[in-house]
Amino acid sequence: MKLLVLGTWEIIVIVLAILLLFGGKKIPELMHGVGKGVKNFKDGMNGVEDPKEKKEE
């Protein structure tokens with residue numbers, strides 16, 4: 001299995017493409033949405049673990 005490793009130039013090209021597609025004003029909104037999604041995912045994972053711990057007590 002090959003591991004995908006992004007170099008500096010690939011990251012720069014991806015960032016420039018995102019800037020061109022969404023514009024500079026939309027980027028903070030997109031990142032805010034991604035942050036909320038990650039937080040919800042983490043909260044959901046913690047919620048899954050809690051009932052198991054309560055059953056053992």
Side-chain angles (χ1 to χ4, degrees):
M1 182 168 70
K2 243 183 177 178
L3 182 62
L4 177 65
V5 179
L6 296 177
T8 305
W9 286 109
E10 289 88 357
I11 293 173
I12 290 172
V13 169
I14 292 170
V15 169
L16 288 175
I18 290 171
L19 279 172
L20 287 173
L21 288 173
F22 297 107
K25 292 183 180 180
K26 283 282 194 183
I27 301 294
E29 294 174 20
L30 290 171
M31 292 300 111
H32 183 71
V34 169
K36 276 187 170 181
V38 170
K39 183 180 183 303
N40 286 337
F41 179 76
K42 285 183 180 179
D43 289 345
M45 291 301 293
N46 289 337
V48 170
E49 293 174 5
D50 287 340
K52 291 179 184 176
E53 291 176 3
K54 289 179 182 176
K55 288 181 182 178
E56 292 175 2
E57 291 177 1

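The residues of the chain are indexed from 1 along the displayed sequence.
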Asks: Can you name the salt bridge (charged side-chain N to carboxylate O under 4.0 Å, His left out) partners of Lys42, sequence neighbours left out?
Replies: none
Asks: Per the side-chain contact (heavy atoms from CB on, under 4.5 Å) rule, which among Lys26, His32, Met31 passes with Glu29?
Replies: Lys26
Asks: Are Leu30 and Phe41 connected into the same hydrophobic cluster when the rule is that any two of I, L, V, M, F, W, Y join if their side-chain heavy atoms are below 4.5 Å apart?
Replies: no
Asks: Looking at Ile14, Leu20, Leu21, Val15, which one forms a side-chain contact (heavy atoms from CB on, under 4.5 Å) with Ile18?
Replies: Ile14
Asks: So, does Glu10 use its side chain to make a donor-acceptor pair with the main chain of Gly7 at under 3.5 Å?
Replies: yes
